[in-house]
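What follows is a short report on a single structure.
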Amino acid sequence: MAFHFKEDPAPKHQVLTDGTSVTRSCAWSPPGCHAVGCGVRLFVKDGELVKVEGDPDHPLTQGRLCPRCLALKEAVYHPDRIVYPMKRERADRGLDKWQRISWDEATELIVSKVNAIKEEHGAEAICVFMGTGREAVRYGFTLSSKVLKTPNNCYAQSGWSCMGPRQTAMTMMLGSAYIELDYGGGNLEVWDSPDFVAPDYVFCLGKEPLKSNPDGLWGHALIEIMKRGSKLIMVDPRMNWLATRADQVLQLRPNTDAALVLALLNVIISEDLYDHDFVDRWCYGFEELAERVKEYPPSLAAKACGIEEQAIYECARKLAYDGRHHWSLLMGVATDQNPNGCQVVQGLIALSAITGNLDVPGGTVVGVQMQFEMTGATDSMSEELRNKCIGWDT
Ligand code: SF4
């Protein structure tokens, strides 16, 4: 695979005639960026960051950035940005009363507290909690097992507000850590290869790829894929730039996604628009699903979602299996923030599966198993420590 490296890219660092220095770099701001790593040009004058631009010489992103990097200057100089250790007295808990302390003081404070807990109660009294943050979380397991010598750690991700419901459903139904549109790593060489198949439709629910650029997908790739023929079905209460270019827009009432997905399944199954071969070979519970979705006709969903009944039939027929066309699923954080998030994703995976769109060219890529989260927690432990994990021997 080749990348589009320019023969004469700008130098990595240059100084303009007015003294502004321009540095080419590559950004990745965890959590939440895809794996491409966007090319940026940082303009610094008199020691101050004055502007951030996309780097047109970056072989993949070619000058395109999402708003987070474009707003980098605001983040860097925001008065509320925490750039030093800050301490609050116990008596001031709940109050916005902080005092700046030195790094040495902060380190000593943490060490003394940790040691006091270990001496008084043992290392097992400490649990290392990790939030989201793609690489940083890996250190948490080592910190707990090797440094603090406690068997207790918890990779909480963002809980039920981001990724948890989606990954739960993906793991339960597919054994996969993540499913996504095949965006060819953002590489033009891939998109223009005869082996690459652009989906006929991209079904995008609760996601705005150009703005959010979440990990798993470089949002601008969607534009490139649309240029190669993919049509977009946009499901979002808001009308956004991408929706104005979509083949179909379903502006649902917030949190009614489950009703829509069940109605789509209802039409596809009742009109016999599914991939019988795939269902026979790979699906379990199909009969139960078919029975259950009879309760959710488009007329019911149309009322719940606040959209035309006809629009649901139209959408279902675009997603139907016919042995030739494929569609790919894009689902965003809005699914997780839905009280029925897990069920919405279960429905979407069922829709992808029975229409024969999992792991096929032009369909939805099914990623590898969730090995890291499942095994990373105990892999770095000694046997003695592992035996202390709650539930390890059951
Ligand atoms: S996805 Fe957005 S925030 Fe992340 S590196 Fe690219 S432009 Fe920057």
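We count ligands from 1, going down the list as the structure has it; atoms in each ligand are counted the same way. These numbers come from the heavy atoms of this one structure, side chains and all, not from hydrogens, waters or symmetry mates. For the single chain, residues carry numbers from 1 onward in sequence order.
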Answer yes when Glu384 and Arg386 have at least one side-chain N-carboxylate O distance shorter than 4.0 Å, and no when they do not. no
Heavy-atom contacts with Cys66 under 4.0 Å: which atoms of ligand 1 show up? List them by number with element. 1 (S), 2 (Fe), 3 (S), 7 (S)
ILVMFWY cluster membership beyond Tyr77 - transitive side-chain contacts under 4.5 angstrom: Val40, Leu42, Val44, Leu49, Val52, Leu65, Leu70, Leu72, Val76
Side-chain donor-acceptor pair present, Thr355, Asn357, cut-off under 3.5 Å: yes
Where do Asp182 and Ser328 land on the side chain to side chain contact (heavy atoms under 4.5 Å, CB included) test, with the steps shown first? CA-CA 8 Å; Asp182 177 5; Ser328 184; over 6 Å; no
Near Leu65 (heavy-atom distance under 4.0 Å), the atoms of ligand 1 are 7 (S)
Using a strict cut-off of 4.0 Å, indicate which atoms of ligand 1 neighbour a heavy atom of Ala27. 5 (S)
Within 2.8 Å of atom 6 (Fe) of ligand 1, is there any N, O or S atom belonging to Cys38? yes
Mark up the atoms of ligand 1 that fall under 4.0 Å of a heavy atom belonging to Cys69, in ascending order. 3 (S), 5 (S), 7 (S), 8 (Fe)
When the ring centroid of Tyr274 is compared with that of His276, is the distance short of 6.0 Å? yes
